Amino acid sequence: MPSQFRMFGRLLAPKPRTIERETLEVELDDGRTIALQRVRDPRSRRLKLSVDERGARLTMPTRCSIAAADRFVAEHRLWLATQLDRYGIDGVPVLERDVTDQLPLRGAMLPLQWQQGRFSRVEANGESLVFTLPARAGDLAIRRAARDFYEAQARADVGRWLPRYLPSLPRAPRRVTFKMMSSQWGSLAPDGSMALDLSLVLARPSAFEYVVVHELCHLIHADHSRAFWREVEARCPYWRDEREYFHGEGRQLKATLRALCGKAAA
């Protein structure tokens with residue numbers, strides 16, 4: 001086919017429909033209220049429920065009605081409860097304006113107050129948090145403010161820890177970024193850029209610091225050899241306890257962060 005015809009074909013082809021997402025609350029048979037991500041995907045041909053470390057998700061075709069989707073979820077509430085228990089995801093909070101009264105941070109639940117203001121932001125006020133929002137702020141603005149707050153707190157933690165370890169390292173990380181990772185807790189690129197899972201800021205600080213130490217030691221050894229673990233042991237003798245902590249709490253931490261600010265993810 002001549003190139004000009006292929007070009008016109010692309011121009012005339014219908015644009016793919018966008019994927020629509022929203023998060024809603026679902027009450028299970030055992031009384032729990034969970035966050036369910038409802039996704040309307042034009043590529044989907046049937047209703048589908050799935051559960052993983054990110055939480056519960058309902059995928060529905062474009063032409064499927066909300067009523068039919070709600071019935072489908074109601075018919076599978078027992079299955080949802082079973083799968084959530086399997087992944088260790090229980091009581092994941094939903095961030096709702098003027099309703100949510102506490103937020104997780106550094107292994108604890110802090111009281112949360114809501115107030116109206118010009119800008120969307122979350123601030124620490126002693127042992128509590130204050131969430132300021134304009135009157136017309138929507139769900140996306142709320143989640144973006146929550147993510148910005150958590151990233152600022154995570155950066156403050158890493159900023160406090162790094163000076164303790166840098167003198168014994170061949171170089172400093174080129175940069176530190178925070179992401180929502182599905183399974184990993186951190187990674188170190190060949191150029192020295194460090195990526196950390198943002199949900200680490202919800203964990204107990206000693207566990208977060210262990211992950212930072214782990215990735216910093218990759219500046220010395222890129223593998224997981226015995227020599228690498230000796231470097232970790234020298235800087236973090238309790239690393240086995242923290243690894244065990246993630247085995248027990250990791251899925252819950254990741255699911256909680258996604259429920260609170262997943263829509264604001266880049």
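Computed from a predicted structure; not experimentally measured.
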Fill in the blank from the handout: Shortest non-hydrogen pair, Gly192 vs Arg171, comes out as CA-NH1, 3.7 Å

Handout entry: Pairwise side-chain contact, Arg57 with Val51, heavy-atom cut-off 4.5 Å (strictly under)
Key = no

Exercise for the section: Using a 4.5 Å cut-off on heavy atoms from C-beta on, say whether the side chain of Leu133 contacts that of Gln116. Expected result: no

Problem - Check ion pair Arg106-Asp157 (N to O, under 4.0 angstrom) - result: yes

Exercise for the section: Check whether any side-chain heavy atom of Leu216 sits under 4.5 Å from a side-chain heavy atom of Leu162, and report yes or no. Expected result: yes

Problem - Whether Ser128 side chain and Asn125 backbone form a donor-acceptor pair below 3.5 Å - result: yes

Handout entry: Any donor-acceptor pair under 3.5 Å from Arg144 side chain to Ser120 backbone
Key = no

Problem - Any side-chain donor near an acceptor of the partner, Gln37 and Arg258, under 3.5 Å - result: no

Practice task
May I ask you to decide if Ser168's main-chain N or O and Arg235's side chain share a donor-acceptor pair within less than 3.5 Å?
Solution key: yes

Exercise for the section: Indicate whether the side chain of Ser193 and that of Arg175 have a donor and an acceptor atom separated by less than 3.5 Å. Expected result: yes

Practice task
Indicate if Tyr238 and Val232 have the same hydrophobic cluster label, given that clusters are the connected sets of ILVMFWY residues with side-chain heavy-atom separations under 4.5 angstrom.
Solution key: no

Exercise for the section: Could you tell me which non-hydrogen atom of Ala154 sits nearest to which non-hydrogen atom of Val201, and how far apart they are? Expected result: N-CG2, 3.7 Å

Exercise for the section: Please confirm whether the backbone N or O of Met181 pairs with a side-chain atom of Lys254, one donor and one acceptor, at under 3.5 Å? Expected result: yes

Fill in the blank from the handout: Which of Glu249, Glu242, Glu209 passes side-chain hydrogen bond (donor to acceptor under 3.5 Å, both in side chains) with Arg204? Answer is Glu242

Exercise for the section: Applying side-chain hydrogen bond (donor to acceptor under 3.5 Å, both in side chains), name anything that partners Tyr210, two or more places apart in sequence or on another chain. Expected result: His214

Practice task
Compute whether any side-chain donor of one residue and acceptor of the other, for Arg40 and Thr62, lie under 3.5 angstrom apart.
Solution key: no

Handout entry: Side-chain touch Thr23/Arg143, heavy atoms, less than 4.5 angstrom
Key = yes

Fill in the blank from the handout: For Leu112 and Thr100, the nearest pair of non-hydrogen atoms, with its separation, is CD2-O, 3.6 Å

Exercise for the section: Look only at the side chain of His76 and the backbone of Trp79, and say whether a donor-acceptor pair between them is shorter than 3.5 Å. Expected result: no

Handout entry: Considering all heavy atoms, the nearest Asp223-Phe228 contact
Key = O-CG, 3.4 Å

Fill in the blank from the handout: Nearest heavy-atom approach of Thr177 to Arg155 is CA-NH2, 4.0 Å

Problem - Pairs touching residues 155-206 that satisfy ring pair (Phe, Tyr, Trp, His ring centres under 6.0 Å), sequence neighbours left out - result: Trp161-Phe208, Trp185-Phe246

Practice task
Taking Arg240 for its side chain and Pro237 for its backbone only, find out whether a donor-acceptor pair lies under 3.5 Å.
Solution key: no

Problem - Partner set under side-chain hydrogen bond (donor to acceptor under 3.5 Å, both in side chains) for Gln115, not counting sequence neighbours - result: Thr132

Fill in the blank from the handout: d(Leu105 CG, Leu129 CG) to nearest 0.5 Å is 6.5 Å

Exercise for the section: Of all the heavy-atom pairs spanning Leu47 and Cys64, show the shortest one and how long it is. Expected result: CD2-SG, 3.8 Å

